[in-house]
Number of protein chains: 2
Amino acid sequence: MNLHWDDLKTVLELVRHGSLASAGAQLGVNYTTVARRVARAEAALGEVLFERLADGYQPTEAALLVARHAGEMQQSEDTLLRHLAGRDERLSGPLTLTAPQLLIAHVLAPALQTFAEAHPNVDLRVKATNDLLDLTRREADLGVRVSRDPGDTLTGLRLAAQDSASFASADWAARIAEDPTAPIDWIVYEAHATLPKHVLQTSPSSRIRYRFDDMIALAGAAQAGLGVVRMPMFLGRSLDGLVQVPLLPPTPYMDIWLVGHPDVWPSAKVTALRQAIRADLKARRALFVA
Amino acid sequence: MNLHWDDLKTVLELVRHGSLASAGAQLGVNYTTVARRVARAEAALGEVLFERLADGYQPTEAALLVARHAGEMQQSEDTLLRHLAGRDERLSGPLTLTAPQLLIAHVLAPALQTFAEAHPNVDLRVKATNDLLDLTRREADLGVRVSRDPGDTLTGLRLAAQDSASFASADWAARIAEDPTAPIDWIVYEAHATLPKHVLQTSPSSRIRYRFDDMIALAGAAQAGLGVVRMPMFLGRSLDGLVQVPLLPPTPYMDIWLVGHPDVWPSAKVTALRQAIRADLKARRALFVA
DNA sequence: TGCAATACGTGCGAAAATGCATGCATGAAT
DNA sequence: ATTCATGCATGCATTTTCGCACGTATTGCA
């Protein structure tokens with residue numbers, strides 16, 4: 001009986017995910033298939049790879065060894081896929097972009113439309129998420145990220161510098177204009193965030209009333225009048241029902257980057273999308289700064 | 001449609017072997033299966049991997065790229081298999097030894113018998129060939145080789161130093177004893193071999209009458225009385241119908257080595273076989289030298 | 001104690017992969 | 001010109017693999 005490479009891949013995912021069901025989900029197969037492939041791999045290798053316990057499959061040392069080398073194989077596969085993608089000169093077929101939802105909705109949409117009309121044969125897939133997808137593993141071909149730099153392994157193009165400022169509903173804006181010393185409710189992003197020093201000095205009656213882990217929810221809360229938020233200029237300007245309030249002067253914020261893996265970067269489709277996005281944002285540069 | 005690792009392996013073997021049939025033979029599947037897997041890989045990658053020409057499948061650049069990375073994957077697989085074998089402490093299951101036919105027949109057989117009796121659960125497989133099997137790819141676990149050194153990547157244990165001398169049938173031996181100046185027919189090994197200088201000086205009437213590319217055939221020819229041969233001491237002594245003749249004094253010959261890959265070397269089965277062979281040959285050390 | 005969720009094994013029918021037989025094309029040898 | 005060997009495509013029957021439905025065991029929680 002001889003060893004199937006796909007069975008090694010299956011062992012790898014089972015070691016990574018711990019249960020037949022989740023490994024199967026990752027592989028796109030039923031969990032029974034995972035169990036059967038593992039059994040086949042055990043027969044082929046002559047080694048017990050997992051202990052079948054009540055709460056799941058527990059990998060043996062041999063399984064960890066298999067997983068280690070199968071991981072290397074997967075890296076080779078990833079590299080192959082990147083190289084194939086990178087030398088692809090066709091302007092057709094799938095192309096995957098990832099970006100935060102709010103950037104897509106309020107910034108990137110026009111560029112995507114321009115691109116889609118210019119290249120009707122490209123099947124553009126947009127993964128809208130704040131998760132940093134792994135471009136090394138080709139979870140996406142290009143990514144738009146808000147960060148200080150593009151990172152070590154990725155190639156990056158700075159699309160725009162941006163400022164942040166304070167925004168709130170018209171209600172709140174009126175109240176602040178009326179009585180600058182009145183108590184101010186802030187809605188801040190992420191659990192451990194603090195108020196900017198400037199705010200603490202000039203508006204000592206400020207307090208953090210809500211902490212949100214999601215920028216979309218936070219924006220909605222601000223629109224609903226729950227309080228004042230600090231957010232990028234483009235976002236405050238784009239959202240209905242929000243106006244800038246003078247609590248926090250415009251401050252430099254993280255830049256917007258277009259990033260990609262250097263192997264994939266030269267592909268025709270990636271180059272075309274890159275240029276479409278870059279041209280569009282260059283024309284609207286003023287949207288992002290005060 | 002998603003990519004099967006086994007299809008990458010299939011593309012690799014097709015690139016290496018050039019035809020569906022030989023790739024299929026290598027993989028142990030029908031050639032139609034190779035054709036279908038290649039078609040599947042092409043669909044999954046969105047790339048044409050081979051041009052179907054009248055005289056076979058011609059790989060495209062993309063196929064060469066696939067093959068390169070699939071080769072890396074195969075190396076990972078080989079390394080995995082070696083590591084698994086190396087940490088195997090069981091004295092059961094398959095164990096493969098490779099050695100030249102004549103060494104097995106006339107030297108190793110007793111040691112193998114001892115080993116087999118001591119370890120009845122080991123399934124000992126002997127690959128008798130002069131080809132140097134690839135121990136890195138686990139074509140064998142241990143090899144016995146006649147050479148100057150074990151090579152760079154393999155671990156080696158010198159089993160015996162040996163001499164060579166001249167041998168011939170009883171007929172020839174009598175003729176030489178009778179008239180040392182009579183013409184002597186030599187049978188030499190390999191195409192470009194020449195007679196030793198010592199022979200040219202002391203027996204100027206010597207001439208090369210036959211050149212053989214196979215030591216077994218050569219030994220048989222000597223037994224049949226076709227002429228005089230130079231061969232290792234152990235072999236001349238072991239073959240019926242051959243006696244040593246004084247044309248060529250015993251001369252140091254290449255050593256006999258037991259070699260293995262360092263990853264596999266510590267395995268229990270390999271260690272046991274190694275010790276059996278080493279002990280046996282140590283006891284019969286005199287067989288190899290004058 | 002009872003219920004829901006998670007995790008796995010098993011049997012069966014459906015789907016996919018495989019092997020085999022046949023036929024065609026090409027090139028080399030007779 | 002004919003024959004043979006090599007190499008591949010295609011259709012069909014078989015084998016293998018897979019997904020699904022059902023059953024069991026365990027854990028956590030109310």
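The basis for the numbers below is simple: all heavy atoms, side chains too, and nothing from hydrogens, waters or symmetry mates. Owing to the predicted nature of the structure, the values given are computational and were not obtained by experimental measurement. Naming convention: chains lettered A, B, ... in sequence-line order (proteins, then strands); numbering from 1 in each chain.
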What residues, two or more places apart in sequence or in another chain, satisfy side chain to side chain donor-acceptor pair (under 3.5 Å) together with B/Glu51?
none
Can you list the residues that meet the side chain to side chain donor-acceptor pair (under 3.5 Å) rule with B/Thr96, with sequence neighbours excluded?
none
Qualifying ring pair (Phe, Tyr, Trp, His ring centres under 6.0 Å) pairs, either residue in residues 64-103 of chain A, two or more places apart
A/His69-B/His83, A/His83-B/His69
Summary of ring pair (Phe, Tyr, Trp, His ring centres under 6.0 Å) pairs that have at least one residue in residues 17-54 of chain B, sequence neighbours excluded
B/Phe50-B/Tyr57
Can you check the B/Glu51 CD to D/dG7 C1' distance for me, whole Å?
16 Å
What's touching nucleotides 4-12 of chain C from the protein side, N or O pairs under 3.5 Å?
from  : atom 1 : to      : atom 2 : distance (Å)
C/dC8 : OP1    : A/Tyr57 : N      : 3.0
C/dC8 : OP2    : A/Leu20 : N      : 2.9
C/dC8 : N4     : A/Tyr31 : OH     : 3.4
C/dG9 : OP1    : A/Tyr57 : OH     : 3.3
C/dG9 : OP2    : A/Tyr57 : OH     : 2.8
C/dG9 : O6     : A/Tyr31 : OH     : 2.5

Establish, from distance only, whether the side-chain atoms of A/Arg37 and A/Thr33 form a donor-acceptor pair under 3.5 Å.
no
Can you find a side chain N or O atom of [X] that sits less than 4.0 Å from OP1 or OP2 on [N]?
X       : N      : answer
A/Thr33 : D/dG19 : yes
B/Arg40 : C/dA16 : no
B/Asn30 : C/dC20 : yes

Which salt bridge (charged side-chain N to carboxylate O under 4.0 Å, His left out) pairs, counting each pair once, include a residue from residues 214-223 of chain A, with sequence neighbours left out?
none
Could you tell me which residues satisfy salt bridge (charged side-chain N to carboxylate O under 4.0 Å, His left out) with B/Arg207, sequence neighbours excluded, listed by chain and number?
B/Asp185
Of residues 5-13 of chain B, the positions that come close to DNA chain D - non-hydrogen atoms, cut-off under 4.0 Å
none
Does any pair with a residue in residues 117-126 of chain B pass side-chain hydrogen bond (donor to acceptor under 3.5 Å, both in side chains), and if so which ones, sequence neighbours excluded?
B/Asp123-B/Arg125
